[in-house]
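The sequence lines fix the lettering, A, B, ..., with proteins before strands; numbering per chain opens at 1.
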Protein chains: 2
Amino acid sequence: MAVPRAAKTQRRTRIQEEKEERILDAALDVFSSSGFRGTTIDQIAEVAGMSKPNLLYYFRTKEAIHRTLLERMLFTWLDPLQAFDADGDPESEIRSYIRRKLEMSRDFPRESRLFANEILQGAPHIEDELKGPLKALVDEKAEVIRAWIKAGKLARCDPYHLIFSIWATTQHYADFDVQVRAVLGERRAGEGRFEDAARYLEQLFMSGLKIGIQSEP
Amino acid sequence: MAVPRAAKTQRRTRIQEEKEERILDAALDVFSSSGFRGTTIDQIAEVAGMSKPNLLYYFRTKEAIHRTLLERMLFTWLDPLQAFDADGDPESEIRSYIRRKLEMSRDFPRESRLFANEILQGAPHIEDELKGPLKALVDEKAEVIRAWIKAGKLARCDPYHLIFSIWATTQHYADFDVQVRAVLGERRAGEGRFEDAARYLEQLFMSGLKIGIQSEP
DNA sequence: TGATAATTTGACCGGTTGGTAAAAACATAC
DNA sequence: GTATGTTTTTACCAACCGGTCAAATTATCA
């Protein structure tokens with residue numbers, strides 16, 4: 001009897017781990033650029049270099065692959081915001097948050113697009129995660145920001161929209177990559193665009209929030 | 001002989017115009033939330049309240065509907081940037097550009113999501129539009145911004161990334177609407193969120209670009 | 001080595017999908 | 001009325017899609 005995913009040995013074999021990883025990597029490729037419904041198992045199988053039934057031996061359904069990817073992604077997604085430290089000072093905390101998020105757009109664009117796709121379609125698979133853990137985390141960090149404002153370390157502003165604007169501007173470079181490249185043209189669309197973006201965003205947010213500037217009482 | 005779309009009369013009849021409009025509206029609904037491949041003709045037909053073959057009498061293929069929507073959308077999409085006036089002053093021009101883009105996110109979220117979907121999938125249908133007309137327009141406006149900076153009316157910054165950041169922050173409220181609502185919670189997710197966003201973004205960009213502030217020579 | 005379990009394959013299935021054909025139903029002009 | 005052109009419907013098809021099954025192949029280990 002061939003029960004998938006090694007029910008007998010319980011411990012996953014080397015070959016299982018490798019194949020599952022290859023499948024998830026291929027699936028991330030396809031899902032992130034075609035969305036859930038736009039992706040076929042055959043496409044994933046082809047990218048992963050195996051037959052469809054073989055792939056389905058490791059993941060029983062298309063949904064199972066997608067679910068696994070979303071779970072992994074959400075975890076790393078919340079990570080930078082977790083690191084936001086109430087005891088740090090606003091300047092370095094916000095600055096490094098922006099930098100980290102931008103690095104994620106540069107290094108994990110597929111994950112960003114997978115997330116964007118999911119949200120665009122109305123977040124059918126992760127609505128609970130958004131309303132639960134994500135909201136809780138943002139609420140917590142918004143409170144931190146509010147405290148900084150009260151302490152006069154930051155310009156008065158809506159903490160939620162501040163967070164939204166950091167998400168939007170940084171993820172833009174992953175999600176709208178094609179557009180960014182098209183507009184910048186070949187000459188400026190190299191890897192340097194991320195450093196340019198970092199410089200610009202730092203300036204925008206730092207002086208936009210009047211961090212380190214004591215003008216206007 | 002029944003040639004679709006009135007080849008004989010040449011002029012489109014009232015009934016044709018109405019039906020085509022209904023189809024496009026329904027298609028915008030479905031395409032914007034499911035992407036091209038994720039959308040079925042049957043879904044569009046059902047939302048439009050007609051049978052699939054009847055729908056295909058007005059648009060011969062799924063692609064034809066999609067193409068029509070994208071063309072229309074691109075036109076209105078570039079409109080606010082067109083309005084960017086070199087002879088105006090930076091403060092009011094940028095301020096009103098942000099306001100307009102945000103209004104578009106509020107009033108035409110489906111169009112925004114249609115565009116986002118297309119870009120996410122690598123812009124297969126509009127790559128030429130991006131590299132041609134869009135790039136040309138942005139190049140032109142970037143030059144305007146550069147001139148403002150040279151004239152000391154604006155903080156020194158990369159004009160392209162300035163434009164990107166306005167796109168990103170404003171469109172975020174349409175494309176990531178589900179997430180925004182989830183995070184804000186029921187209490188704050190009403191229509192007022194757009195006014196909050198407008199206030200916040202105005203502050204961010206106005207003081208971020210040091211418009212009207214003469215600190216630091 | 002052989003026995004046993006894990007992996008891979010090819011053939012297949014029912015449902016869906018984009019799209020067609022032809023004729024029925026409807027509108028319009030004379 | 002009838003003739004002509006337009007719109008809608010019914011029935012259909014071939015390709016595709018997610019997933020199953022049983023048999024064949026390969027790895028593991030006593």
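Taking only side-chain nitrogens and oxygens, A:Tyr57 never comes nearer than 4.0 Å to OP1 or OP2 of C:dT8. The side chain of A:Gln16 contributes no N or O atom lying less than 4.0 Å from OP1 or OP2 of C:dA6. Not one side-chain nitrogen or oxygen of A:Tyr58 sits closer than 4.0 Å to the OP1 or OP2 atom of C:dA6. Dashed line: the shortest gap from a side-chain N or O of A:Ser51 to OP1 or OP2 of C:dT8 is not under 4.0 Å.
Put simply, CG on B:Leu56 is 15 Å from P on D:dT7, counting in whole angstrom units. What separates NZ of B:Lys52 from C1' of C:dG18 is a distance of 6 Å, to the nearest Å. Per the geometry, CG belonging to B:Asn54 stands 15 Å off P belonging to C:dA25, to the nearest Å. Counting to the nearest Å, the P atom of C:dT16 and the CD atom of B:Glu46 are 13 Å from each other. Across the protein-nucleic acid pair, A:Lys62 atom NZ and D:dC16 atom P stand 16 Å apart, rounded to whole Å. One interatomic measurement links the two molecules: CG of A:Leu55 to P of C:dT7, which rounds to 14 Å at whole-angstrom precision. In this structure, CD of A:Glu18 is placed 15 Å from C1' of C:dA6, rounded to the nearest angstrom. Rounded to a whole Å, the NZ atom of B:Lys19 is 13 Å from the P atom of C:dC26.
The closest side-chain heavy-atom distance from B:Met73 to B:Phe108 is not below 4.5 Å. The shortest side-chain heavy-atom distance between B:Phe205 and B:Leu162 falls under the 4.5 Å cut-off.
When each of A:Arg106, A:Arg113, A:His172, A:Arg193 is tested with A:Asp177 by the rule side-chain hydrogen bond (donor to acceptor under 3.5 Å, both in side chains), just one qualifies, namely A:Arg193.
Ring-plane geometry between B:His66 and B:Phe36 is classed as tilted, the angle between the planes lying from 30 to 60 degrees on a 0 to 90 degree scale.
Salt bridge annotation for A:Arg72-A:Glu21: present, with a cationic side-chain nitrogen under 4.0 angstrom from a carboxylate oxygen.
Contacts between residues 35-43 of chain A and DNA chain C, counted as heavy-atom distances below 4.0 Å, involve A:Arg37.
Nearest heavy-atom pair across A:Thr76 and A:Met104 is O-CE, 3.7 Å.
For B:Tyr173 and A:Trp167, the ring centers sit 6.0 Å or farther from each other.
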